[in-house]
Amino acid sequence: GGGGGGGGSSGGSSSGGSSSGDGGEAAERLLAEMGLKEPLPWQCLMNDVVLEAPGQLPPEVLASLPPGVQVLDKKKVSDGWHEGYLLTLSEPLRPGQEPKAILRIWRSQLSYWRPDTPTGWAVELRAITLARQAGIPTAGCQRPPTAPTSGNGGDSGTDGEGSYVGVCARAPRGEACDWAIYDFVPHCGEEEAHRHVLATAGSHTKFIVQHMAKLHALDLTHVNTEPLARFDSWREHLDYLAALARESEQEDVARAVQGVRAALESAGVPDLPPALCHFDWHLGNALCDDEGRLQAVIDLEFAGVGDPRLDLARHCRLERWTGDVVCRDRGSDRDTAEIWRSYAAARFGADADAVLRLGPPGPWLAFECAVVLVVGTSVCVRAAQLQSGVQGVFLPRCDLGEWAEDMETARWHLRRMGIL
């Protein structure tokens, strides 16, 4: 779902597979072990909120439309984490566009970077601006120059002025939710896109990796990337995760961070400049035309600035493994190495040595799993504190049951790799 309109969930599972009965039972056990009781805090039940979302569009959204433009129809295109709707309009929002648009309403606020940096339109619009600077097409979110603004704040990638963005009170509790309206990007369905990309790029993985490398080539070392969560090096990122792990007082979580650090130091991985990481690469978010050409990269709500190999490792893991808690291997180490080589060739040239330029993939796969485990554990601790009556706790809205499944999946991978 989300900007550009691909349909499907704008959230998804970090395990790469749908929830299963075993996954749900493991999640319940984990939450109980973390001291959480049923019912969970309302902030932890965002998938239920999305499923039960009210039928009416927020009045703030309707008031933002140009005079005379009406919503003729809406179709729900997101089933998790955020509300997403394909809007059919009486006329286009901008000249040359179809009379369609995509509306996203952020119900979940949690990404994979920092629990205290909630997702929302400001994060996504800044990521869109940076992606365009890297030469990656994205879905637009800007008003025509003559349209009145609603005072949301120059550039659509910084403070929202001139963009279809805002905040609305959303049922059932009236909590403040960010919203944004994006241009509809004409594109093929995901199955058709697979066929076209196979014919032009050889595989969908090579297609994704080529555009991922192009995005990562934008060096953000001296660029102000606020309000995106940011880590300028993998060491800084691990230091942050170690601090979160200590706060959680979960021994195996702290051990996971220590194990990842040891693996990276032992491998002697080279440093790379910080880059914009998408963290949800697949053909549903890389929209193509019927000739296999990229039209837009969408759903940048999980974007952050960090070591680009985390973005690549996440894609490698979700391409290869499926399922929750106990995963099924759909590939091999050779397949992962091939993705690693394809990325190195796209980023550094056809003759680039992937291990020399990037380091081996194993430690980075472990790093990405540790991110899921540590961030998720931190949120569980905050939820338990809130249930215990601790004051002043910021609990980002999320779907904690799904996160718990993903945490157990990450723990399974860390055991498989000998980190735990």
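Nothing here was measured: the structure is a model prediction, and the numbers come from that model.
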message: What I'd like to find out is whether the side chain of L244 reaches to under 4.5 Å of the side chain of V381, using heavy atoms alone.
response: no

message: When you compare the side chain of L365 with that of W321, does any pair of heavy atoms fall below 4.5 Å?
response: no

- request: Salt-bridge test for D116 and R114: reply yes if a basic N is under 4.0 Å from a carboxylate O, no otherwise.
  value: no

message: Show the nearest heavy-atom pair for residues I339 and C316, with the distance to one decimal.
response: CG2-SG, 3.5 Å

- prompt: Does some side-chain heavy atom of T119 sit less than 4.5 Å from a side-chain heavy atom of D178?
  reply: no

message: Looking at S108 and R397, would you say the former's side chain and the latter's main chain have a donor-acceptor pair under 3.5 Å?
response: yes

- prompt: Only one of V165, L65, I102 forms a side-chain contact (heavy atoms from CB on, under 4.5 Å) with I181, so which one is it?
  reply: L65

- line: In short, L358 meets W340 closest at the heavy-atom pair CB-NE1, 3.5 Å

field: H194 vs L198 side-chain heavy atoms within contact, under 4.5 Å
entry: no

Spacing of CG belonging to D329 relative to OG1 belonging to T336, to within rounding of 0.5 Å: 8.0 Å

query: Between R328 and T322, does any side-chain donor sit less than 3.5 Å from a side-chain acceptor?
result: no

field: Interatomic spacing from CD in E236 to CG in L241 - rounded to 0.5 Å
entry: 10.5 Å

Polar side chain donor-acceptor pair, Y343 to H216, under 3.5 angstrom: yes

- prompt: Quick one: salt bridge (charged side-chain N to carboxylate O under 4.0 Å, His left out) partners of E175, sequence neighbours excluded?
  reply: R107

query: Does the side-chain contact (heavy atoms from CB on, under 4.5 Å) test come out yes or no for H237 and V371, once each step is laid out?
result: CA-CA 9 Å; H237 198 164; V371 167; 4.1 Å; yes

- prompt: Side chain of E192, backbone of C188: donor and acceptor closer than 3.5 Å?
  reply: no

task: Return the minimal non-hydrogen interatomic distance between V379 and P396, and the atom names on each side.
output: CG2-CG, 4.3 Å

message: With a 3.5 Å distance limit and no angle check, can you tell me whether Q391 reaches the backbone of G389 through a side-chain donor-acceptor pair?
response: yes

Salt-bridge criterion met for R104 and E301 (N-O under 4.0 Å): yes

message: To the nearest 0.5 Å, what is the distance between CZ on F279 and CG on N285?
response: 14.0 Å

Nearest heavy-atom neighbours spanning G292 and T200: O-OG1, 3.9 Å

message: When you compare the side chains of E190 and H204, does any donor N or O come within less than 3.5 Å of an acceptor on the partner?
response: no

message: Whether the side chain of W113 engages the backbone of F302 through a donor-acceptor N/O pair (distance < 3.5 Å, no angle test) should be reported.
response: yes

- prompt: Please walk me through it: do L57 and L87 pass side-chain contact (heavy atoms from CB on, under 4.5 Å)?
  reply: CA-CA 10 Å; L57 295 179; L87 307 180; 4.0 Å; yes

task: Give a yes or no answer on whether the side chain of E368 reaches the backbone of L310 with a donor-acceptor pair at less than 3.5 Å.
output: no

query: Any side-chain heavy atom of H315 within less than 4.5 Å of one from I208?
result: yes

- request: Return the set of residues passing salt bridge (charged side-chain N to carboxylate O under 4.0 Å, His left out) with R261 (not counting sequence neighbours), or none when no residue passes.
  value: D239

message: Out of the candidates R170, K75, K76, K74, only one should pair with E83 under the salt bridge (charged side-chain N to carboxylate O under 4.0 Å, His left out) rule; please name it.
response: R170

query: From L420 CG over to H413 NE2, what is the distance, rounded to the nearest 0.5 angstrom?
result: 12.5 Å

query: Which heavy atom of V209 sits nearest a heavy atom of A346, and at what distance?
result: O-CB, 4.5 Å

task: Begin with the C-alpha distance, continue with both residues' side-chain angles, and end with the deciding distance and a verdict on side-chain contact (heavy atoms from CB on, under 4.5 Å) for L110 and V375.
output: CA-CA 9 Å; L110 181 60; V375 171; 4.1 Å; yes

Row check, Y112 ring normal vs R314 NZ/CZ: under 6.0 Å, within 45°: yes

field: Ring geometry between W364 and F367 (parallel below 30°, tilted from 30 to 60°, perpendicular above 60°)
entry: parallel

field: Reported OH-to-OG distance for the pair Y240 and S378, which is rounded to 0.5 angstrom
entry: 6.5 Å

message: Minimum heavy-atom separation for A366 and I419, please, with both atom names.
response: CB-CG1, 4.0 Å

message: Can a donor-acceptor pair be found, under 3.5 Å and without considering hydrogens, that links the side chain of D335 to the backbone of R320?
response: no

task: Would you check, one step at a time, whether the test side-chain contact (heavy atoms from CB on, under 4.5 Å) holds for F231 with D307?
output: CA-CA 8 Å; F231 299 100; D307 194 298; over 6 Å; no

message: Closer than 4.0 angstrom, basic N to acidic O: yes or no for D252 and R411?
response: yes

message: Just so I know, are the side chains of E408 and D324 near enough to count as touching, which here means a heavy-atom distance under 4.5 Å?
response: no

- request: Could you tell me whether the side chain of Y182 reaches within less than 4.5 Å of the side chain of I298, counting heavy atoms only?
  value: no

message: Once rounded to the nearest 0.5 Å, what's the spacing between atom OG1 of T409 and atom CZ of R317?
response: 7.0 Å

Without placing hydrogens or testing angles, list every side-chain donor-acceptor pair under 3.5 Å for residues 30-50, not counting sequence neighbours.
unit_1 : atom_1 : unit_2 : atom_2 : d
N47    : OD1    : W81    : N      : 2.9
N47    : ND2    : E402   : OE1    : 2.8

- prompt: Under 4.5 Å between any side-chain heavy atoms of C141 and S163, yes or no?
  reply: yes

